[in-house]
Amino acid sequence: MDSANMRWPDSLWAAMTPAGPQLPQFAGDVSADVIVIGAGFTGLSSALHLREAGVDVAVVEAAEPGWGASGRNNGQVIPTLSRPDPDDIIARHGIVGERFVALLRDSASTLFDVARRYQIQAEQEQAGWVQPVHSPGRMKIAERRVRQWSKFGAPVEILSRDQTRQMLGSDAWYGGFWNRTGGHINPLALARGLAAALLQRGGRIFARSPVVSFERLNNRWVVKTANGQISGRALILATNAYTGEFAKALAPDIAHEVMPIRSWQMATQPLSDAARKIIIPGRQAMSDTHGELYFARYDARNRLVTGGALINTNDAVAKLKSMVAERLQRLWPEIGDVKFDYVWNGYVGMTTDFLPRIHRLGPDAYAWAGCNGRAVALSIALGDELSKAVRGVPESELALPFSEPTPIVAHGLLRHLAPLMLALYRRRDAREI
């Protein structure tokens, strides 16, 4: 990918969000105490927390803040992982897994607190997040998740079929659960707001400056771009699914341990007042138990922001408009004629077990990848945690379950075949459990 020819995707968020700060490209020979590679949620959160602690920090971004997944996602703020529950996390990581569960439990509130603290106008609504179940047997999933998260003090609640119908305005689901701390945001506005807050506090951000390599030299980390290099005591790599997109040699083990999957987002025309009284009247964020996920939330202009998935992306926009319009009409007949003003896409970094990967790269150097579609809230919280790590907080106090990078075998081939997994998800979605 060539950053010189980089342009913003024509998304709802790009169309509706005020421009971000004007940023310089990187050039020359520069130093900082901490170098952050990537100006998405994780990188910006890390850098902002470092500046609040008085640490000199510089962020080097291949494109612009929020250009990748942080500015293209659906904007749902969800304080759970997509599949693993607390017991799964603790079984894998032990006591540090318990600290990670606590971090995850509080991650949505952490995001909304950060937006309030820095007075970021990101269309944020902490209306809660709902996960309805799409077949009777899948109520076991909701019951398990409520049971496990309740043990850790999460504000979760089981929903009967009647309660789900009232909350979402549809008979399509058989119950579910909700978490009161979740909600939704304009993700690009949040990214640009974090960038502005960082600059106001003396942080530096270099844009349109892809990093081509980093290495440890003379007890310093040296990060190189096409136009110069920056050295620092510590390093945070925060590039997730885009790790190998601008420079394949940047961190190949990390790039190859996640599978970048194209995720499609869509925004309808604004819904009528009558429709909104029926369709998710409480304005919660919703994503259900389908593998081929059904999800929706309102934006500040009362558009329903949803999306879909395709195996064959030929004529993708037309296919998605037809398929998702039919889905919305089936879920909510009151919606009437469905028209979409925006359709866009970006990568989600998937791992084989749906758990994130957090790594030590060397002395005072850290990275994470593998959002699995649930990183909006988590990345803000992890940014703070990574900032603590480079400031020397003992590992016994960190909610960072470290592991070694484990690249996926035949990554290139599987990346081409990954869309075929959608057929398997559809088959599983049709089965009772």
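Note that these values count all heavy atoms, side chains included, but never hydrogens, waters or copies made by symmetry.
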Spacing of [X] atom [atom1] and [Y] atom [atom2] [to the nearest 0.5 Å]:
X	Y	atom1	atom2	result
Asp171	Asp162	CG	CG	9.0 Å
Leu44	Ser70	CG	OG	7.5 Å
Asn74	Ser287	CG	OG	8.5 Å
Glu123	Asp299	CD	CG	6.0 Å
Leu50	Ile236	CG	CD1	5.5 Å
Asp273	Ile278	CG	CD1	12.0 Å

Is any side-chain heavy atom of [Y] closer than 4.5 Å to one of [X]?
X	Y	answer
Asn73	Val376	yes
Trp173	Met286	yes
Leu382	Leu400	yes
Arg283	Asn302	yes
Leu190	Ile120	yes
Thr306	Val324	yes
Val390	Leu235	no
Leu378	Leu103	yes

Pair Tyr366-Ser46, side-chain contact (heavy atoms from CB on, under 4.5 Å): steps then yes or no: CA-CA 11 Å; Tyr366 303 91; Ser46 299; over 6 Å; no
Can you confirm whether Glu215 is buried at CD, in the sense that more than 12 heavy atoms of other residues, nucleotides or ligands lie under 6.0 Å from that atom?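 Enclosed.
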Taking all non-hydrogen atoms of both residues, which atom of [X] and which atom of [Y] are closest, and how far apart?
X	Y	answer
Arg72	Asn345	NH1-O, 3.1 Å
Arg99	Leu398	NE-O, 2.7 Å
Ala172	Leu331	CB-CD2, 3.4 Å
Ile37	Thr239	O-CG2, 3.8 Å
Ala63	Phe246	CB-CZ, 4.4 Å
Ile205	Pro24	O-CD, 3.6 Å

Starting from the C-alpha separation in whole Å, work towards a yes-or-no answer on salt bridge (charged side-chain N to carboxylate O under 4.0 Å, His left out) for Arg427 and Glu292. CA-CA 10 Å; Arg427 183 179 177 186; Glu292 183 183 3; over 6 Å; no
Given ring-ring contact (aromatic ring centres under 6.0 Å, His included), test Trp332 with Tyr294 step by step and report yes or no. CA-CA 13 Å; Trp332 294 289; Tyr294 292 13; 9.4 Å; no
Between [Y] and [X], is there a side-chain donor-acceptor contact under 3.5 Å, judged purely by atom types and distance?
X	Y	answer
Trp368	Ser379	no
Thr17	Arg192	no
Ser135	Glu432	yes
Gln148	Asp85	no
Tyr118	Glu52	yes

Is it the case that the side chain of [X] and the backbone of [Y] share a donor-acceptor pair, with hydrogens and angles ignored and the cut-off at 3.5 Å?
X	Y	result
Arg51	Arg201	yes
Glu61	Ala39	yes
Arg262	Gly346	no
Ser45	Ile380	yes
Asn314	Asn312	no
Gln166	Gln163	no
Glu385	Ala399	yes
Gln124	Ala122	yes
Ser209	Ala207	yes
Arg161	Arg165	no

Trp13 and Trp344 aromatic ring geometry - parallel, tilted or perpendicular at 30°/60° bounds: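 Plane angle over 60°, so perpendicular.
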Using 30° and 60° as the class boundaries, would you call the ring planes of Trp149 and Phe152 parallel, tilted or perpendicular?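 Ring orientation, 0 to 90° scale: perpendicular.
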Does Tyr347 have Arg415 sitting over its ring (NZ/CZ under 6.0 Å from centre, angle to axis within 45°)?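 Judged by the rule (NZ or CZ under 6.0 Å from the ring centre, within 45° of its axis), Arg415 counts as positioned above Tyr347.
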Can you confirm if the NZ or CZ of Arg83 lies within 45° of the ring axis of Phe354 and under 6.0 Å from the centre of its six-membered ring?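 Checked: cation-pi criterion met.
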Taking the six-membered ring where the residue is Trp, are the ring centres of Trp264 and Phe340 under 6.0 Å apart?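 No, they do not, as the ring centres are separated by 6.0 Å or more.
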Ion pair [X]/[Y], N-O distance below 4.0 Å:
X	Y	answer
Asp113	Arg116	yes
Lys339	Asp337	yes
Glu125	Arg297	no
Lys140	Glu143	no
Arg357	Glu404	no

Gln76 vs Arg374, test: side chain to side chain donor-acceptor pair (under 3.5 Å). Steps then yes/no. CA-CA 8 Å; Gln76 296 203 23; Arg374 290 287 173 85; over 6 Å; no
Can you check side-chain contact (heavy atoms from CB on, under 4.5 Å) on Asp384 and Thr110, steps first, answer last? CA-CA 10 Å; Asp384 186 15; Thr110 296; 6.0 Å; no
Kindly indicate, with the supporting measurements, whether the criterion side-chain contact (heavy atoms from CB on, under 4.5 Å) is fulfilled by Ile408 and Val258. CA-CA 7 Å; Ile408 298 170; Val258 299; over 6 Å; no
Please evaluate residues Leu250 and Phe214 with respect to the criterion side-chain contact (heavy atoms from CB on, under 4.5 Å), reporting the C-alpha separation (whole Å), side-chain torsions for both, the decisive distance (0.1 Å), and the verdict. CA-CA 7 Å; Leu250 177 62; Phe214 61 87; 3.8 Å; yes
Atom pairs and distances, donor-acceptor, side-chain atoms in residues 176-183, under 3.5 Å, two or more places apart:
unit_1 : atom_1 : unit_2 : atom_2 : d
Asn179 : OD1    : Thr181 : N      : 2.9
Asn179 : OD1    : Thr181 : OG1    : 2.7
Arg180 : NH2    : Glu157 : OE1    : 2.8

